[in-house]
Amino acid sequence: MLMKEYRICMPLTVEEYRIGQLYMISKHSSEQSGGGEGVEVVRNEPDTHPQHGPGQLTEKRIYLSSKLPSWIKAFVPRFFYVTEKAWNFYPYTITEYSVSFIPKFSIRIETRFENNNGSNNNVFGDSPTPAENVCFLDILSDHIPEKHYKASEDLSCWRSNKTNRGPLKPGWRDNHSPIMCSYKKVQCSFEVYGFQTKTEDFMHKTIKDILLVGHRQAVAWIDEWHGLTLEEVRQYEKAMEENTNTKLKSDQNSSGPQAPAHPTISRSISVTDERSLKKMGVTTVDMSGTSVPSLPHTPVRLNSTPE
C-alpha cells in the first residue's frame, strides 16, 4: 500500500469552500459526462457519523476510458466501472473507491480542511505523516496535463469580480489572505504481484492531476458559486445529478446496435482476461445472471473529482 499526504492551498476560507466544493464537483461531473462517459450518481442522502455528526453520503459509478494505459486495459473487462463512496462530514470527509472484480484494488482518501497554509503537520491527529510522504500541490504553478488547461482557469490571469481576489502571484501561499488548506491522506492499494508498484504509482499520478484540476476550478469558478446558501447549492447539485444521469443513460442506450438496457452476461470478463487475473492471484467473481448497465464498445473516462 502506497500512502501520501497531499496539501492543496486555496485563496478561500473553509466556510466558503463548503459551497465551492459541492458546486465544483457537480459542475465538473456534468461537463465531463457525455458519449456514454462520465459519472452516474446512485444515491445522495443525509447520513450521521457518531463522532463527526450530520453529513451526506454519496455513491457514484464512474465509467472509465481509453485514458487507461495499455497494461491495465489488458485485463480490464468491457463492462467496467469504479464505485465511489463519499462521506461528507464537513470539514472532514472520507472517499473510498473500489472495483468489484478486483478485490485487491482500493483507494481511500481522508480529508480535513483548515484555515491555514498547510502548516499543520499532524492534522489527522494520529501521527505526523513522514516528510517524504508529504506533497504540496500549487494550484498556480504546478503542471497539469495540456488537455485539462483552460485560459479561463489559469489563476495567474484570474480575477474575481465578487471578491476582488486574484490574480495569484508566485509565493502567494505565504502571504495571501484568506487562505485555507485541503489536507488529503491518500492510500492506494493494488496487491497483485508484478503490477503493484506500477499501478499504485499510476493511481497517485492520476489522483494528483484530478486534485490540481478540481481545486483550480473551485477557485476559478468562484463568481458562479460565491454567495449561494447551502440549500441553494444542494438544489443545484440535485439538478446537475439528474441531468448527468439522464445524459449518461441516454448515450449508453443509443450507442452502437440497439440492445436491452440491462443485458445478461455470463461473466464480467473474458476467458482470456480471467485466466490472466488468476495467474496474478486475483480472485474473480462469477457474475452469472447479474444485470449490468449497457455500455458502448468504446472505452470511457474517469471523471469524478475526489472530495
Side-chain angles (χ1 to χ4, degrees), residues 1-10 17 20-21 24-29 31-33 37-39 58-69 71-73 76 80-88 92-99 102 104-113 118 123-124 129-149 153 181-192 195-219 299-307:
M1 177 180 293
L2 181 58
M3 191 279 286
K4 291 186 179 182
E5 181 182 311
Y6 296 98
R7 301 181 188 180
I8 312 103
C9 291
M10 290 175 286
Y17 187 58
Q21 177 196 46
M24 175 268 295
I25 291 173
S26 298
K27 180 177 176 178
H28 179 85
S29 295
E31 281 190 348
Q32 297 299 316
S33 295
E37 306 180 359
V39 181
T58 307
E59 182 177 346
K60 302 175 183 177
R61 292 177 179 175
I62 308 165
Y63 293 92
L64 296 178
S65 81
S66 56
K67 305 303 179 185
L68 291 172
W71 52 271
I72 287 183
K73 287 190 291 183
V76 167
F80 174 54
Y81 59 81
V82 173
T83 297
E84 175 195 280
K85 289 186 179 181
W87 293 265
N88 189 339
Y92 173 74
T93 69
I94 302 171
T95 309
E96 295 180 349
Y97 298 88
S98 61
V99 181
I102 307 181
K104 296 185 178 182
F105 169 97
S106 67
I107 299 174
R108 175 184 168 87
I109 302 176
E110 189 177 358
T111 305
R112 284 194 181 277
F113 305 103
V123 68
F124 296 101
T129 301
E132 62 270 20
N133 290 348
V134 175
C135 180
F136 282 88
L137 302 183
D138 192 333
I139 58 175
L140 171 64
S141 59
D142 280 2
H143 173 76
I144 62 171
E146 190 64 30
K147 66 190 176 202
H148 293 310
Y149 176 82
E153 297 170 5
C181 184
S182 172
Y183 294 84
K184 293 185 176 288
K185 183 191 292 185
V186 180
Q187 297 173 311
C188 296
S189 178
F190 188 73
E191 298 176 2
V192 176
F195 286 87
Q196 181 169 3
T197 300
K198 193 172 188 179
T199 303
E200 291 179 355
D201 286 343
F202 170 75
M203 290 155 69
H204 271 284
K205 181 183 183 304
T206 301
I207 290 170
K208 179 180 176 181
D209 289 343
I210 292 173
L211 291 176
L212 278 170
V213 173
H215 287 78
R216 283 164 61 108
Q217 289 175 333
V219 175
V300 288
R301 178 172 55 183
L302 172 63
N303 292 306
S304 189
T305 303
E307 296 185 355

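As the structure is a prediction and not an experimental result, all values here were calculated from the model.
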Task: Minimum-distance pair of heavy atoms, taken over all atoms of Y81 and V99 - done: O-CG1, 4.4 Å
Task: F113 and T93, any side-chain heavy atoms less than 4.5 Å apart - done: yes
TODO: Report the C-alpha distance between L2 and F190 in whole Å, list the side-chain angles of each, state the deciding distance to 0.1 Å, and finish with yes or no for side-chain contact (heavy atoms from CB on, under 4.5 Å).
DONE: CA-CA 9 Å; L2 181 58; F190 188 73; over 6 Å; no
- [ ] Over all heavy atoms of both residues, which pair between Q187 and M3 is shortest? Give the atoms and the distance, please.
- [x] CG-CG, 3.5 Å
- [ ] State, with a plain yes or no, whether a side-chain heavy atom of V186 is found less than 4.5 Å away from one of M203.
- [x] no
Task: Any residue meeting salt bridge (Lys or Arg N to Asp or Glu O under 4.0 Å) with R112, in chain and number order, not counting sequence neighbours - done: none
Open item on the list: Set out, in order, the CA-CA distance, both residues' side-chain angles and the distance that settles side-chain contact (heavy atoms from CB on, under 4.5 Å) for L211 and S182, then state yes or no.
Closed with: CA-CA 10 Å; L211 291 176; S182 172; over 6 Å; no
- [ ] Provide the closest heavy-atom pair for S29 versus K60 in the form atom of the first, atom of the second, distance.
- [x] OG-NZ, 4.4 Å
TODO: Return the minimal non-hydrogen interatomic distance between M1 and S189, and the atom names on each side.
DONE: CE-CB, 4.0 Å
Task: Lys/Arg-Asp/Glu bridge criterion (N-O < 4.0 Å) met for D201, K205 - done: no
TODO: Evaluate the side-chain proximity of Q21 to T111: yes if any heavy-atom separation is below 4.5 Å, no if none is.
DONE: no
TODO: Could you list the residues that satisfy salt bridge (Lys or Arg N to Asp or Glu O under 4.0 Å) with K27, not counting sequence neighbours?
DONE: E224
Task: For K104 against E191, the heavy-atom pair lying closest together - done: CD-O, 3.1 Å
Open item on the list: Using side-chain heavy atoms (C-beta onward) and a distance below 4.5 Å, is C9 in contact with C181?
Closed with: yes
Task: Minimum side-chain heavy-atom gap R216-Y149 below 4.5 Å - done: yes
Open item on the list: Between E96 and R108, does any side-chain N to carboxylate O distance fall below 4.0 Å?
Closed with: yes
Task: Qualifying residue, where the test is side chain to side chain donor-acceptor pair (under 3.5 Å) with Y6 and the options are K208, H204, H215, K185 - done: H204
Open item on the list: Are F136 and D142 packed together at the side-chain level, in the sense that at least one heavy-atom pair is separated by less than 4.5 angstrom?
Closed with: no
- [ ] Please name all residues satisfying ring pair (Phe, Tyr, Trp, His ring centres under 6.0 Å) with Y92, sequence neighbours left out, ordered by chain then number.
- [x] H52
